[in-house]
Every structure is written in structure tokens, then in C-alpha cells.
Number of protein chains: 2
Amino acid sequence: MTAARSTAGATILHPSAELAKFASELKYSDIPESVRMRCEDLFLDTMASILAGSTARAVKSMAKYAALMGPSDGKSEDFVNRRMTSPVFAAMVNAAAAHVVEQDDVHNGSVFHPAAVVFPPALAVAQAIGASGEEFITASVAGYEVGIRVGEFLGRSHYKIFHTTGTAGTVAAAVTVGRLLKLTPEQMLHAIGSAGTTASGLWEFLRDAADSKQLHTAHAASAGLTAAYLAQDGFTGARRILEGVQGMAAGMSTDADPARLTDRLGVRWALPETSFKYHASCRHTHPAADALQFAMKQHGLKADDISSVVTHVHQGAIDVLGPVTNPQTVHQSKFSMGTVLALIALRNSADLAGFDQALKDGAVAAFRDKVTMELDEEVDTAYPQRWIGKVTVKTKDGRTLTGRVDEPKGDPGNTLSRSEIEEKTMRLGTYQGAATQEQVKKLTQTVWGISKQAKLGQLLAAA
Amino acid sequence: MTAARSTAGATILHPSAELAKFASELKYSDIPESVRMRCEDLFLDTMASILAGSTARAVKSMAKYAALMGPSDGKSEDFVNRRMTSPVFAAMVNAAAAHVVEQDDVHNGSVFHPAAVVFPPALAVAQAIGASGEEFITASVAGYEVGIRVGEFLGRSHYKIFHTTGTAGTVAAAVTVGRLLKLTPEQMLHAIGSAGTTASGLWEFLRDAADSKQLHTAHAASAGLTAAYLAQDGFTGARRILEGVQGMAAGMSTDADPARLTDRLGVRWALPETSFKYHASCRHTHPAADALQFAMKQHGLKADDISSVVTHVHQGAIDVLGPVTNPQTVHQSKFSMGTVLALIALRNSADLAGFDQALKDGAVAAFRDKVTMELDEEVDTAYPQRWIGKVTVKTKDGRTLTGRVDEPKGDPGNTLSRSEIEEKTMRLGTYQGAATQEQVKKLTQTVWGISKQAKLGQLLAAA
């Protein structure tokens, strides 16, 4: 390791090296029981998202590509093609599937979706090498802890142009796989170096409702996995890819803070800070959706009573959702604040089935045009640590009402119970016939017992 | 296509769309004979670099990874594992090999190495689909024309942090493969969108002599290929990934000029503007190496006569070579101005064999310490259109001499003849026993006749 000696004789590592050492040396017994349990929750939640996403057109394209380029046997499970293949293709395809229905987790502070880029490569490699459940959980936690801190480090300026789930996600995937491959701290640093120099993902696609979000998670998972395998074989990477003068932050951020990279490593657990997604839409819409739902319930309003809704939002919501003024696809409608609020107002739920109907529904389009976004200083200042929802509703009978939620449903202080996760998994897992109820039940049982498994095998045996 | 109508009724496309249309519609008969011939020259030159690079440690790591993850049969030739596989793995491995010995081509104006990212995916896909030699040449030219313009567009600010061969290279690879797959203009625009949002490559690795340069070309080739295959299946990308407000230039450049993207498309041919590399080192060292060689010849100097050399360089040379003050690996020594000039002074040649010995040679180290770089206004202003070499040599007997070249060896105005290319190919192709003389001769014959082939097959049959 590149290291300097402090005056007291202890080794002082630079931030990337400290992250690498942490990830390499993390043990199952170091992780608090509550964090391990939450990791299992998040894994099942991700499997639900993968199954629900497996029927999407863009995901099927990725799966077709994997079938064309990858081997037709292996120990890693591709849940879209429903076949076994090599780890990189299973990771790529499952990561593409994990993110498409916008139901996977989010970490508020880093505005990063760790699950989609951590669990697919973790599972693919664990299956390939026959890792234990404990190793799988440990590696996944390492990926969360590192990836979230990299996202926080890259900061808000990064997120204005770059999709942090693609960029920080590549590093998260590399660390996850690196931990499963038992990389040394030195090798892990090289893996982070190779991951960082292949990290990418730009928001430009939002304007066109293009499929790039699925490509970003697929790419992060596969490029990160590649970086870790290369490092295992001695392939070297930059030692300061995150904080160096020609590294990620230098090229892709103007407000990066290296102190965030190593913030209370091993003491503060970032994994349980992530939120489950309750609505099937971009997370930036959730606070306003909850606030509108609250206001409508409190005042007994129906959609038809409402003449306008102003959502008081943070700048990041305007950056990501602002370009989506006239959604043309189901996926794009999940980035349309107006569509999400219309579904809440009309159906009291912005779930997958709702979005499938939204584009064809004139009532949704009519309500959408009543919704505007305004930058709110309080909300913007609290963000990204807290995602406050505030709406001002004007009614046709002339009233001006407000709604507010301080912690949207699914956030750590307002989280889902295991039975709520099971219910969500059944809903998503059987969406469009992706899996049978029986398969989802078995999967759920397997995941709740995963930490006891000596060797991870196939998860979705034909039932 | 996204298009606007001009007042005259003609369709006006935005720059990315115009590039996509050009690449999609380019025909063999559109390409001047001299450009086609130069394309063959560059392809053979690249094959030489691939063979010479095939024995490098980092390249072998990449090949091992490809063997672990990819299929063990297919129609695409992996010149490192010497086996057939699927296109993405052949492209990835060959692209890694093409760049490692620093003998592949460079385009001065864009500071971009097109060959390493264009020919490996072109060959892999042409072999997989049985394309003709004419199709192979046409696709490669399309990749050069688009990739070079993207590099020029991203500009000097981009190159300060990003390895343009990795970033613009991903787009070049996508366009090359897209043309072979006969993508429509609309599909080609999606391929460019997907390529741009997975484009990456940071210079940070130079400080550590890490293997990332090989990863960058491998990644560009594979990510670009992926983007094109996905587009063929209807997977969509951003329409303005290059020039859009959340696109590549927005995130990775401060001086991007969209007019460069479409600069005289189909009229100005950028491919023959590329230079062959004569010295086996980073192109930024070549002008000074030629200038020193000229000065020593002119004044009849031996290495021992020289007390110091000041190289008068452009800022890009300082950015890339400046961090390399004490080279630790053969590859890093190719980025050490002092080492390159020491080899010129001591051996009159900075070739592969010279670099293999340089680190162990005390005389090289001693001469290296006599060399410094200074920013020169004339050189910097001319760059990157012209790479002027200027040195000031002080001799032990007290003289101050200067050397200057206006166009380094291998540049378009000072290019290599076919017999010089054949000689270079034999030297590189047999380097460290990569191929036999017989194999290199056969390969050379095949490439000189490639445009006549109805269906591209294996290039390096066992001999």
C-alpha cells in the first residue's frame, strides 16, 4: 500500500487506500446484526425488482445481447434469459433488470441506488465461486459502505450531469466482487482504480426517454466485476482514482469532499440509511407524492376537487424531472412529477399497474398539467440528508391547502416491515407473470435463510 | 431522426444526428482510393501492435479474464489467447493488446489513437458476421471519421483529465460496429447515445504506472460494440449525448466546440491525418526525440558530449509526461521524456528493445536526469494541429545548440512507405516470439488484399 508514517508510528492511508483496506478486511462478525438483517431485506427487495423488470423491452434487449456474446453454461443465474451463464453476463443482465421498474432502493445522502449495482454482481460471483451466505452478505455490505461514501464524496455537482448509480456504482460493484474474491487491500485498491477509470453514466438520456438507465446499472455491474477479476490476476489501477488530480472527482465534480470517503468507516453503517421505494417512480417524486396523499386524506379531497398543485422541491428534483414535460413512455412517466401526482390523486397509488395505464388515461394527462415544481429553500437545504415533501394545493372551490411529510414512506425512520417487504416482493415478483407465486414464496424463504447457507446455489429453480 | 426544417425546406440535423447519418450511409465508393489504401496501412500497422502487445502481462490478464467469462468458440479471433470466441471478447482483448507497446497510430488534432479502438471491434464483428473486405474498410473509415471529430470536439480541456482514446474511442467503436451491422441513421444515433453514456478513461493511472491504458482501449472497444448491438435490437440512447446539456461535453469538457463534430464530413478525410508511430513511446515525446536526433546528427554529438537538454513543449506534454519523473516499469518509461531522449542519445533509436533494457541501464538513468521540459509558446500555440519539436542542448564543452523538426517522422507529411510499414510489422509481429516470420508475411499479404475479400475469415492461421 502507498502509505505514510504518522509521528506516532501508525500507518496513515490516503482515502482510496483506506476504503480498499476496509472493504478487503471486513468480516461478517464486524457487521451489526441489524445491518445484516437489513441487507437481507434489501436483497429480497432487489430480487423483486429484478423479476418485475425482467419483462421490460430494454432489459430483454440486454439479455439477447448477453445470450449472443456470453457462454450458454456456467454457475451464475441470469433471471431474464432464465439460464446459467458466466458471472459477468448474469451480473449485467440482472443489474439492467433491477433498475427498470424504479422500485429498487435509494440512499438519500448520496442520491445513489446501491442495490441494483451491488446485489447482481454479488450473487453472480457468489454462485460462480460457491461462496457462503455470510460471505455474500459481507461482500454486499462492503459494496454499500464504499459505494455510498463514493457517491457522497462526488457530491451534488456530480449528480447534476452524472448518474451516480452508474459512476459510484462501478466502484461499488468492484468492491463487492473484490471482497468475494478475497482481494488483499493492495489488490482491492487496484480494483477500485480500474473501476473508477471505467465509471460512467450521463443524465442526457432523460430528455429522450432513452433506455440508458438500464445500461448504466448493467455497465456498472459488469465493469466493476471486470475490475475486480483483473485485480485478482495482478492487473493494476490508479491508487488515487477517486481523489487524485486526474481522477474521478477532478474530472467529474466541482464540490468533492475527500473526507466523505472515509466518514466513520466501520462505525457509521450507511447500508441501513437506504430507503425502500414505495411508489414505482423516481425517488425525487416521492416526498411530494406522500405530501399530496397526506393533504388529500386530511382534507377529504378527490382528484376532481383540485385545480392546481405546486410541489416545493430541491434543485436535484428540478434537474432530473424538469426535462420530462410530456412523457412518451412508461419509464419516462416515472420521471414526470405530474404523472406521479396524478396517479396519487386519481388512484391513491403510484404503483406499477398505475404507470402501465397512465399514458393512455386522459384524466392522468389532464391532472398532470395542473402540477408544477418550484424550488424551495428549506427543502433544498435539507437535501440530500432529508427529503422533505411539501405541496400547495388549490381547490376548485377556492381554498389553498398545504401538505407536508418530513420522511417519505420507505425511509429509514418510516421503513417497511418484513411482511410489507414480502407483500411488495409478491406484487413485483409476479408482475406480468415474471414468476409464479410459488416461486416467489420459495425465493423469499431462501433469502430469509441465506446467511445460513454454506454455498450459494440457484435461487429460482423451476417450480 | 430529430430534425428541424430549414426555411429552404432541407432537413437540418443536430450534430450527433448528422454524424450518425454520415456513418450509417457511408459507402465504399464514397471513400477516395488514397484513404482506403491508408486504412489498409493503418490496419496492418495495428495488427503489428496487437502481436507485439500480446505477450505483455497486463494484456495476458485481460485475455485470462476473457477466457474465464467468454465462450470458447465463435468466429472472432482473439490474438492473445489464440482462440476463437464471441466478438465482444475478441474486440476487448485485441484492443488491450493494440495499445500497450505504444506503436499504434495517433491523430494529432484530437490527440486520439483511433486504430486501437476501431480495428479490433471492426475485425471481430466482420469475422462474426462474415462481412466483406469493402464493408470492413468502410466501417473502419466511418469509425475514424466520427471518432476523430468527437476527440476534436471534446477539446484540450477534456484531454487534461480524460484519456480521449477511451472516451471518444467508445463512440468510434460503436460507429464502426454500427456500420458493419448496417444500422439505420436512427439506430446509429442510439448507438452513439449508448456509447457516449458508457465512455470513460482518466489519466490518474499515469502517476502509478498502472495498467489502465490497456483497460481504456479494451473498454472502449467492448462498450462501443455493446452499444451498437443493443441499438440493432431497438435499445435507445440519448440523441444529443455529445452536445446536450447533460451530455459528454457538459460533463467532461469546458471548451467543446460542436462545429468540430461535423467539420466537412465526407469532404475532409480525417483518417489520413493520423500519424504512424516511429518511436515506441508516448507520442508527446516524439517531436523532441526527432529534434534531439536531428541536432546530434547535425553537430556530430555523442551522448557523452551532452550536459543538458531542455525540451520546449506544449502544455499537453507536461500534463501527461510531467508526473513521470522516476519510471518504474517499461510502460511508464515510454512516458518519461528523459528516458526517451536518453535512448535516442545513447542508441539513436527509441524502439521496443531499447525500452526493454532502459530501466536496467545506468547510462539511461544518468542521461534522463539531464533532461527537462519547458512550456513553449510557439509549440503550444501550434498544438494540436502541428507537433513541433524543439530542443536546446548544452554540451560539456560549453556550447548551446538547438534542434528543431516541424513534422515528426510518421506524420502525414513525413509518413511511412508500404515497405517501411512491412518492416515495422515484421519487427513488431515477431517481437518476443509473438508470431513467426512466416505468419507475419502471410498476414501482410492478406491485409494488402483485404478489400478484395468477399468474406473476412481467420487472419492468423497456424503456420
Q) Between A/D319, A/D233, A/D73, which shows the greatest number of heavy-atom pairs under 4.5 Å with chain B? A) A/D233
Q.
Quick check for you: to the nearest 0.5 Å, what is the distance between A/F205 atom CZ and B/T236 atom OG1?
A. 9.5 Å
Q: Under the side chain to side chain contact (heavy atoms under 4.5 Å, CB included) rule, what do B/L225 and A/M69 come out as? Steps first, then yes or no, please.
A: CA-CA 11 Å; B/L225 183 150; A/M69 297 291 167; 3.8 Å; yes
(Q) Let's test your reading of the structure: which of A/G193, A/P87, A/G166 forms the most heavy-atom pairs below 4.5 Å with chain B? (A) A/P87
Q. Which bit of B/F162 is near chain A, if near means a heavy-atom gap under 4.5 Å: side chain, backbone, both or neither?
A. side chain
Q. Quick one: of B/V88, B/T167, B/T170, who has the most non-hydrogen atom pairs under 4.5 Å with chain A?
A. B/V88
Q) Considering all heavy atoms of both residues, which atom of A/S212 and which atom of B/G237 are nearest to each other, and what is their separation? A) OG-CA, 4.0 Å
Q: Sort A/S76 into side chain, backbone, both or neither according to what part of it lies under 4.5 angstrom from a heavy atom of chain B.
A: neither
Q: For A/Q246 and B/R207, run side chain to side chain contact (heavy atoms under 4.5 Å, CB included): C-alpha distance rounded to whole Å, both residues' side-chain angles, the deciding distance at 0.1 Å, then the answer.
A: CA-CA 9 Å; A/Q246 289 173 305; B/R207 231 158 243 96; 3.3 Å; yes
Q: Determine which residues belonging to residues 55-68 of chain B lie within contact range of chain A, meaning some heavy atom pair is under 4.5 Å apart, and list them by number or answer 'none'.
A: B/R57, B/A58, B/S61, B/M62, B/K64, B/Y65, B/L68
Q) Can you tell me how far CG of B/D208 sits from NE2 of A/H190, rounded to the nearest 0.5 angstrom? A) 8.0 Å
Q: Could you tell me which of B/I241, B/T198, B/V245 has the largest number of non-hydrogen atom pairs under 4.5 Å with chain A?
A: B/T198
**Q.** Nearest heavy-atom neighbours spanning A/F235 and B/D211
**A.** CZ-O, 3.3 Å
**Q.** Pick from A/A227, A/G201, A/S157 with the largest number of heavy-atom pairs that fall under 4.5 Å of chain B
**A.** A/G201
Q. Which value, rounded to the nearest 0.5 Å, describes the distance between B/R240 atom CZ and A/L202 atom CG?
A. 15.5 Å
Q) Is it the side chain or the backbone of B/T226 that comes within 4.5 Å of chain A heavy atoms, both, or neither? A) both
Q) Atom OG of A/S200 and atom CE of B/M252: how far apart are they, to the nearest 0.5 Å? A) 8.0 Å
Q: Any pair with a residue in residues 187-202 of chain B that passes salt bridge (Lys or Arg N to Asp or Glu O under 4.0 Å), sequence neighbours left out, goes on the list, sorted by first then second residue, please.
A: none
Q: Would you mind checking which part of B/H216 comes under 4.5 Å of any heavy atom in chain A, side chain (CB onward), backbone (N, CA, C, O), both or neither?
A: side chain
Q.
Under 4.5 Å from any heavy atom of chain B, what part of A/A209 do you find: side chain, backbone, both or neither?
A. backbone
Q. About how many Å separate OG of A/S222 and NE2 of B/H219, when rounded to the nearest 0.5 Å?
A. 7.5 Å
Q. Considering the options B/S72, B/P71, B/S86, which one meets the side chain to side chain contact (heavy atoms under 4.5 Å, CB included) requirement together with A/P71?
A. B/P71
**Q.** Student check: side-chain heavy atoms of A/T197 and B/E204 closer than 4.5 Å
**A.** no
Q | Atom group of A/A199 that falls short of 4.5 Å from chain B, counting heavy atoms | A | backbone
